[in-house]
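Just so you know, these numbers come straight off a predicted model, no measurement behind them. The first residue of the sequence shown is numbered 1, and numbering continues consecutively from there.
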Amino acid sequence: MAQALRLAELGLFSTSPNPRVGCVLVRDGKVIGTGWHRRAGEPHAEVLALREAGEAAKGATVYVTLEPCSHFGRTPPCADALIAAEVARVVIAMHDPNPLVSGKGVEKLRAAGIAVECGLMEAAARELNPGFVARMTRGTPWVRSKIAMSLDGRTALANGVSQWITGPEARRDVQHWRARSCAVLTGINTVLADDPQLNVRDIEVVRQPLRVVLDSRLCVPLTAKILLGGNTLLYTAVNDTEKKSALENMGITVCVLADAQGRVDLPAMLQDLAQRGINEMLIEAGSALNGALLQAGLVDELVLYLAPQLLGDMARGMAGLGELVRLEQRIELQWQDVRQVGNDLRVLAKVKK
């Protein structure tokens with residue numbers, strides 16, 4: 001199963017909106033076939049492993065990181081392929097959270113007389129697909145916020161200057177988080193201040209993440225770099241038909257989602273992104289948007305890059321949370337990983353909910 005998980009990880013940058021899945025076939029103590037899902041519409045991991053094994057698959061044990069599908073999507077059901085190959089046993093890391101599949105693949109295999117076991121290295125399998133699990137179980141993407149800051153938690157000087165707080169190694173590391181994400185979200189203040197492109201650079205990828213801009217008043221300049229080449233979705237709270245038409249003529253998708261306060265409805269935005277097939281979303285924004293998302297309980301994980309420097313209490317903070325008057329209002333985190341990247345530290349932490 002560990003080998004199957006390593007195979008699944010090869011699809012880290014390419015499988016969305018599908019999950020990352022790996023499969024290993026074993027017979028008489030020897031590996032006879034391996035496979036991993038590369039991208040949506042192409043054969044699933046089980047099918048590729050069966051192809052490699054050929055007739056030797058009969059009587060084999062199958063190790064697969066996700067429950068084999070039992071329905072017709074872009075490809076035929078993998079459960080049917082395993083039954084046709086007459087495998088003897090299937091060991092599954094985790095059930096598929098997709099309601100179209102969950103439990104049905106296991107039932108179909110067992111009905112065909114195949115022994116099935118579930119739960120081997122389940123935690124590792126879930127960690128590989130946090131976005132797919134989130135989208136299927138709660139109807140929103142897995143939201144990960146990337147913040148580069150000084151050791152005292154400052155992201156920019158009071159005048160807005162922020163390039164560069166962290167070093168080149170940390171900035172290269174960010175490209176991997178972008179590459180694995182289905183979408184990258186920023187706010188209009190960041191667009192106006194930094195004019196970012198938010199695309200993946202220096203890594204070979206088969207697809208660029210969708211660039212998402214939160215712009216309540218629809219004031220994005222038509223010359224903004226984030227609009228170049230399309231592949232941009234803009235959420236706003238105003239129905240400015242003239243500006244909306246101009247953006248749509250540039251290939252930009254504009255979605256009006258207003259809340260009662262005249263701002264973009266953040267929970268509705270995440271639900272809409274999930275319906276568009278977004279599994280993992282990376283936030284690259286300023287303190288206002290980070291604070292709003294954290295206060296609304298919509299952030300799942302933080303990727304923090306800490307530079308060995310101090311910018312002082314007049315510099316801008318990482319998240320605008322307002323004044324907390326009780327400790328019960330604090331946002332608690334759970335450490336996941338700490339490591340050095342160049343001269344900086346990278347800290348991964350999940351938000352306790």
Side-chain angles (χ1 to χ4, degrees), residues 130-149 153-156 177-178 181-193 198 209-220 232-239 253-304 316-336 347-353:
F132 182 75
V133 172
R135 182 164 66 89
M136 291 297 164
T137 57
R138 70 187 190 197
T140 59
W142 180 264
V143 179
R144 181 182 288 122
S145 183
K146 184 276 295 182
I147 304 174
M149 61 188 185
R154 303 296 167 172
T155 60
W177 294 104
R178 285 185 187 175
S181 302
C182 303
V184 180
L185 171 71
T186 194
I188 185 59
N189 290 336
T190 298
V191 172
L192 295 175
L198 294 187
L210 176 69
R211 298 174 296 182
V212 183
V213 181
L214 196 153
D215 181 7
S216 291
R217 298 181 181 177
L218 204 59
C219 56
V220 62
T232 302
L233 170 60
L234 196 148
Y235 287 99
T236 186
V238 297
N239 196 10
T253 301
V254 180
C255 184
V256 181
L257 281 178
D259 63 13
Q261 289 73 42
R263 297 186 291 262
V264 172
D265 188 322
L266 297 178
M269 177 187 70
L270 293 185
Q271 292 166 9
D272 182 69
L273 286 166
Q275 290 172 5
R276 296 175 188 269
I278 301 301
N279 289 337
E280 296 180 25
M281 183 166 68
L282 183 67
I283 311 299
E284 296 197 42
S287 62
L289 182 51
N290 275 314
L293 289 165
L294 282 165
Q295 284 182 315
L298 300 177
V299 177
D300 297 296
E301 186 177 16
L302 297 175
V303 182
L304 307 175
R316 299 182 182 183
M318 61 177 281
L321 299 177
E323 182 184 4
L324 307 186
V325 295
R326 302 187 315 276
L327 282 177
E328 289 79 10
Q329 295 174 291
R330 64 192 169 187
I331 295 171
E332 295 193 69
L333 308 175
Q334 181 178 357
W335 302 125
Q336 299 296 306
V347 178
L348 305 185
K350 288 184 179 177
V351 179
K352 288 186 177 181
K353 297 184 179 181

Taking atom [atom1] of [X] and atom [atom2] of [Y], what is their separation to the nearest 0.5 Å?
{"X": "L214", "Y": "L293", "atom1": "CG", "atom2": "CG", "value": "8.0 Å"}
{"X": "K350", "Y": "W142", "atom1": "NZ", "atom2": "CH2", "value": "4.5 Å"}
{"X": "I278", "Y": "S181", "atom1": "CD1", "atom2": "OG", "value": "9.5 Å"}
{"X": "R135", "Y": "L273", "atom1": "CZ", "atom2": "CG", "value": "11.0 Å"}
{"X": "I283", "Y": "I147", "atom1": "CD1", "atom2": "CD1", "value": "10.0 Å"}
{"X": "M269", "Y": "L257", "atom1": "CE", "atom2": "CG", "value": "9.0 Å"}

Paired with E301, the side chain to side chain donor-acceptor pair (under 3.5 Å) test is passed by just one of R144, K146, Q336, Q334, namely R144
Does [X] reach the side chain of [Y], with side-chain heavy atoms less than 4.5 Å apart?
{"X": "C255", "Y": "D272", "answer": "yes"}
{"X": "T253", "Y": "R276", "answer": "yes"}
{"X": "T232", "Y": "L198", "answer": "no"}
{"X": "L333", "Y": "V351", "answer": "yes"}
{"X": "V238", "Y": "S216", "answer": "no"}
{"X": "R211", "Y": "V213", "answer": "no"}

Please check if the side chain of [X] supplies one atom and the backbone of [Y] the other of a donor-acceptor pair under 3.5 Å.
{"X": "S287", "Y": "M318", "result": "no"}
{"X": "T236", "Y": "D215", "result": "yes"}
{"X": "K353", "Y": "V299", "result": "yes"}
{"X": "Q295", "Y": "L321", "result": "yes"}
{"X": "D300", "Y": "V143", "result": "yes"}

Taking all atoms of both residues into account, what is the closest heavy-atom pair of [X] and [Y], and its distance?
{"X": "G187", "Y": "A285", "result": "N-CB, 4.1 Å"}
{"X": "T190", "Y": "G286", "result": "OG1-N, 3.5 Å"}
{"X": "V264", "Y": "Y235", "result": "CG2-O, 3.7 Å"}
{"X": "A237", "Y": "A258", "result": "O-CB, 3.6 Å"}
{"X": "L294", "Y": "A319", "result": "CD1-CB, 3.8 Å"}
{"X": "D265", "Y": "P267", "result": "OD1-CD, 3.1 Å"}

query: Has R138 got more than 12 heavy atoms of other residues, nucleotides or ligands less than 6.0 Å from its CZ?
result: yes
side-chain contact (heavy atoms from CB on, under 4.5 Å) evaluation trace for V256 with L218: CA-CA 10 Å; V256 181; L218 204 59; over 6 Å; no
>> One pair to check against side-chain contact (heavy atoms from CB on, under 4.5 Å): T186 and L289. What are the steps and the verdict?
In response: CA-CA 8 Å; T186 194; L289 182 51; 5.8 Å; no
